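See below for the structure under consideration.
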Amino acid sequence: MGAGATVSVLPVPGASAVESRRPLRIRHGHIQVLGRDMPTSLMTLAVLEVLVFVTAFIVAAHIVFPGGATSAPAFFEAFSIKVIAFAGLNMLAMLSMGLYRRGMRVSLGQVVVRLVGAFALGGVMLAVLFYVFPHLFLGRGVMLVAVSLAFAGVLTTRLVGVRLLHLDAFKRRVLVLGSGSTASLFSRLRRRSDRVGFDLTGFVPQKNETPQVDPERIVEPAGSLAQYACDRHIDDVVIALDDPRGGFPVDELMACKMAGVHVLDVSDFFEREGGFLKLDILRPSTMIFSRGFRQSIYSDYLKRIMDLATGVGMLAVVWPIMLLTALGILIESRGRGSILFRQTRVGQNGRPFTLYKFRSMIEDAEADGVARWAEKKDPRVTRFGSFMRTTRLDELPQLFNVLRGDMSFVGPRPERPEFVEQLASRLPYYHHRHWVKPGLTGWAQINYPYGASEKDAFEKLQYDLYYVKNQSISLDLLTIIQTVEVVLWGRGSR
């Protein structure tokens with residue numbers, strides 16, 4: 001259809017006909033990448049930067065070899081594979097540095113530092129690729145020119161493109177049905193980084209609700225809800241009613257759906273935009289009837305195979321680092337005390353297991369037998385232990401837990417039985433996180449800082465339940481990739 005086309009829906013009982021005599025507007029959607037819904041703006045940015053890498057490589061090849069294939073036939077063999085490898089591995093490195101993380105709040109200087117880290121990591125991965133497949137070697141000249149051009153292009157894209165993508169034209173327009181306490185949850189999304197994928201246009205009040213939102217944001221459609229949504233190019237109508245039994249506008253919402261407007265529940269909205277299950281509004285029916293929470297013997301076996309492959313591969317790489325870490329503990333403790341720290345944690349289906357870590361605290365840190373949360377600048381942590389916690393080196397012995405099957409590589413953080421008993425009695429749905437194996441890394445660990453209180457446990461539980469609901473091999477891969485950022489930048493360490 002072109003501009004000027006008309007879209008209409010037939011009248012339905014209780015709702016007026018929707019007549020749209022306006023130019024069609026492109027609906028902004030979400031594309032699922034590695035098990036995560038990505039908004040149009042981030043996907044557009046990613047596509048632009050892929051084009052930057054591809055263009056930089058092609059230009060570099062013709063700068064270094066102006067005669068093309070006639071001057072360097074060996075280089076231009078498998079040229080398309082080389083372009084894909086250069087662009088793909090560098091994009092993977094940028095993803096691992098958090099440069100495509102939703103809600104990322106960093107300054108320009110931090111973006112530059114992360115870009116430098118991404119290009120360095122991309123260079124390492126390309127070097128490994130050249131070692132395994134020597135015929136794909138690019139040559140120093142092409143690599144230097146391509147990396148220089150790509151860095152300048154990506155930085156320019158970040159400076160100019162990100163500002164453009166923050167414009168409302170690139171965001172989904174959201175209308176909230178309701179103005180009570182449930183709808184007031186949207187008022188907490190004040191920061192621009194919290195609204196990177198959508199623009200909140202207003203709240204439509206309903207009967208028997210006491211408004212608890214900004215009065216200036218309340219809208220009263222003169223006609224039908226569907227007509228109002230179409231006239232204002234609404235992409236999503238989010239149902240945020242305190243008590244849907246008080247009068248659910250079924251016909252109006254069906255008219256919206258027939259007009260191409262997406263209708264979704266408020267809990268689904270926060271799950272899509274935030275990557276967590278909002279426990280304040282989560283109902284048992286939502287847990288039971290919503291998509292997700294699927295298990296199969298095939299996915300379990302595939303996950304176990306991936307755990308074994310990743311665990312063995314990591315041990316083959318990090319065993320020298322583990323030896324040096326053990327030596328550091330011995331030197332600081334002057335040969336006294338143990339190197340490994342053993343502690344009982346709660347695993348899948350509530351079964352206890354023994355967790356292994358490098359000892360980062362003084363001996364007998366809990367000599368009185370009272371379990372305590374780790375604190376900021378905890379006096380029980382040794383100087384070398386603080387370094388291990390910041391770099392996550394103390395977690396490396398958990399690879400043996402992964403190989404034994406006590407843990408998976410990705411999953412909720414395993415907690416101590418004392419804390420589990422305490423939290424399960426106070427936090428709803430807490431025991432549901434034990435439906436899956438605990439993990440060395442996890443969705444909550446990469447999205448929320450270190451949890452050391454009941455409030456933190458509540459916030460992290462929302463991410464853990466999102467993982468339990470949506471777990472898949474693709475989401476595991478995304479979590480593993482983004483764990484690189486957590487380790488390198490020390491996010492959430494304590």
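What you see is a predicted model; the values in this text were computed from it and never measured. Position 1 is the first residue of the sequence, and the numbers go up from there.
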Side chain to side chain contact (heavy atoms under 4.5 Å, CB included) assessment of Val176 paired with Leu200 | CA-CA 8 Å; Val176 180; Leu200 185 59; 3.4 Å; yes
With a 4.5 Å heavy-atom cut-off, do Pro414 and Phe353 have their side chains touching?
-> yes
Within a strict 4.5 Å, meaning less than it, do heavy atoms of the Val50 and Met91 side chains meet?
-> yes
Is there a donor-acceptor pair closer than 3.5 Å between any side-chain N or O of Arg158 and the backbone N or O of Leu99?
-> yes
Counting only N and O atoms by type, is there a donor-acceptor contact under 3.5 Å from the side chain of Asn349 to the main-chain atoms of Arg351?
-> no
Between Tyr430 and Phe458, is the ring centre distance below 6.0 Å?
-> no
Classify the angle between the aromatic ring planes of Phe203 and Phe186 as parallel (below 30°), tilted (30 to 60°) or perpendicular (above 60°).
-> perpendicular
Phe409 backbone acceptor or donor facing Asp307 side chain under 3.5 Å = yes
Is there a side-chain contact between Leu277 and Ser267, using heavy atoms and a 4.5 Å cut-off?
-> no
Donor-acceptor contact present, side-chain Arg359 to main-chain Phe341, <3.5 Å = no
Test the Lys278-Phe270 pair against the cation-pi criterion, namely NZ or CZ under 6.0 angstrom from the six-membered ring centroid and within 45° of the ring axis.
-> yes
Any donor and acceptor pair, going by atom type alone, linking the side chain of Gln348 with main-chain N or O of Trp435 inside 3.5 Å?
-> yes
Are the side chain of Thr55 and the backbone N or O of Val52 linked by a donor-acceptor pair below 3.5 Å?
-> no
Hey, are the side chains of Arg426 and Gln422 touching, using non-hydrogen atoms and a 4.5 Å cut-off?
-> yes
Which of these, Val147, Leu121, Leu89, Leu136, sits in a side-chain contact (heavy atoms from CB on, under 4.5 Å) with Leu126?
-> Leu89
Output the distance between atom CG (Asp300) and atom CD1 (Ile305), rounded to the nearest 0.5 Å.
-> 11.0 Å
Give the minimum heavy-atom separation between Thr344 and Pro417, together with the two atoms involved.
-> O-CD, 3.3 Å
Please check if any side-chain donor atom of Glu485 sits under 3.5 Å from a side-chain acceptor atom of Gln482, or the reverse.
-> no
Taking the side chain as C-beta and beyond, is there a heavy-atom pair between Leu279 and Leu427 under 4.5 Å?
-> no
Would you call Asp464 and Arg433 a salt bridge, using N to O less than 4.0 angstrom?
-> yes
Measure the spacing between CD1 of Ile480 and OG1 of Thr310 and express it to the nearest 0.5 Å.
-> 5.0 Å
Should the heavy atoms of other residues, nucleotides or ligands under 6.0 Å from CZ of Phe137 be counted, would the total exceed 12?
-> yes
Compute whether any side-chain donor of one residue and acceptor of the other, for Thr382 and Glu332, lie under 3.5 angstrom apart.
-> yes
Just checking, any donor-acceptor pair under 3.5 angstrom between side chains of Ser360 and Arg389?
-> yes
Please answer whether the main-chain N or O of Thr182 pairs with a side-chain N or O of Asp242 as donor and acceptor at a distance below 3.5 Å.
-> yes
Using modelled atom types only, decide if a donor and an acceptor are shared between the side chain of Asn90 and the backbone of Phe86 within a distance under 3.5 Å.
-> yes
Minimal non-hydrogen separation, Val346 against Gly350, with atom names | CG1-CA, 3.7 Å
Could you check Phe276 against Trp443 for side chain to side chain contact (heavy atoms under 4.5 Å, CB included), going step by step and ending with a plain yes or no?
-> CA-CA 9 Å; Phe276 58 84; Trp443 187 246; 5.9 Å; no
Please round to the nearest 0.5 Å and tell me the distance separating atom OG1 of Thr441 and atom CD1 of Ile481.
-> 12.0 Å
Can a donor-acceptor pair be found between the side chains of Tyr356 and Asp406 at a distance below 3.5 Å?
-> no
Which atom names give the shortest non-hydrogen contact between Gly411 and Tyr467, and what distance separates them?
-> CA-CE2, 3.9 Å
If only atom types and distance count, is the side chain of Thr201 paired as donor or acceptor with the main-chain N or O of Val174 below 3.5 Å?
-> yes
Cut-off 3.5 Å, side chains only: do Glu271 and Asn470 have a donor facing an acceptor?
-> yes
So CG of Leu308 and CG of Leu403: to nearest 0.5 Å the spacing works out to 6.5 Å
Using a strict cut-off of less than 4.0 Å between a Lys/Arg side-chain nitrogen and an Asp/Glu carboxylate oxygen, indicate whether Asp235 and Arg173 qualify as a salt bridge.
-> no
Test: Arg416 cationic atom under 6.0 Å from Phe419 six-membered ring centre, within 45° of axis | yes
If you take all heavy atoms of Arg114 and Gly98, which pair is closest and at what distance?
-> NH1-CA, 4.3 Å
Between CD1 of Ile329 and CG of Leu340, what distance do you get to the nearest 0.5 Å?
-> 7.5 Å
Locate the shortest heavy-atom distance separating Leu461 from Pro428; write the atom from each residue and the value.
-> CD2-O, 3.5 Å
Do Glu459 and Gln462 have side chains that get closer than 4.5 Å, going by heavy atoms?
-> yes
With a 4.5 Å limit on heavy-atom distance, are the side chains of Met322 and Phe358 in contact?
-> yes
Over 12 non-hydrogen atoms of neighbours within 6.0 angstrom of CD1 in Ile81 | no
Give a yes or no on whether the ring-centroid distance for Phe119 and Phe53 is below 6.0 angstrom.
-> yes
When rounded to the nearest 0.5 angstrom, what is the spacing between CE in Met314 and CH2 in Trp319?
-> 15.0 Å
Is a side-chain donor-acceptor pair under 3.5 Å present for Asn447 with Tyr466?
-> no
Verdict with reasoning, Leu95 to Leu478, per side chain to side chain contact (heavy atoms under 4.5 Å, CB included) | CA-CA 9 Å; Leu95 177 63; Leu478 179 62; 4.2 Å; yes
What one should report as the nearest heavy-atom pair of Ala444 and Lys460 is CB-O, 3.7 Å
Is any side-chain N of the basic residue among Asp236 and Arg272 closer than 4.0 Å to the acidic one's carboxylate O?
-> yes
For Val410 and Gln471, what are the C-alpha separation, side-chain angles and deciding distance, and is it a side chain to side chain contact (heavy atoms under 4.5 Å, CB included)?
-> CA-CA 10 Å; Val410 179; Gln471 66 166 323; over 6 Å; no
Flag, side chain of Asp199 to backbone of Lys171, donor-acceptor distance under 3.5 Å | no
Is it the case that more than 12 heavy atoms not belonging to Tyr429 sit under 6.0 Å from its OH atom?
-> yes
Compare all side-chain heavy atoms of His262 with those of Val237 and state whether any distance is below 4.5 angstrom.
-> no
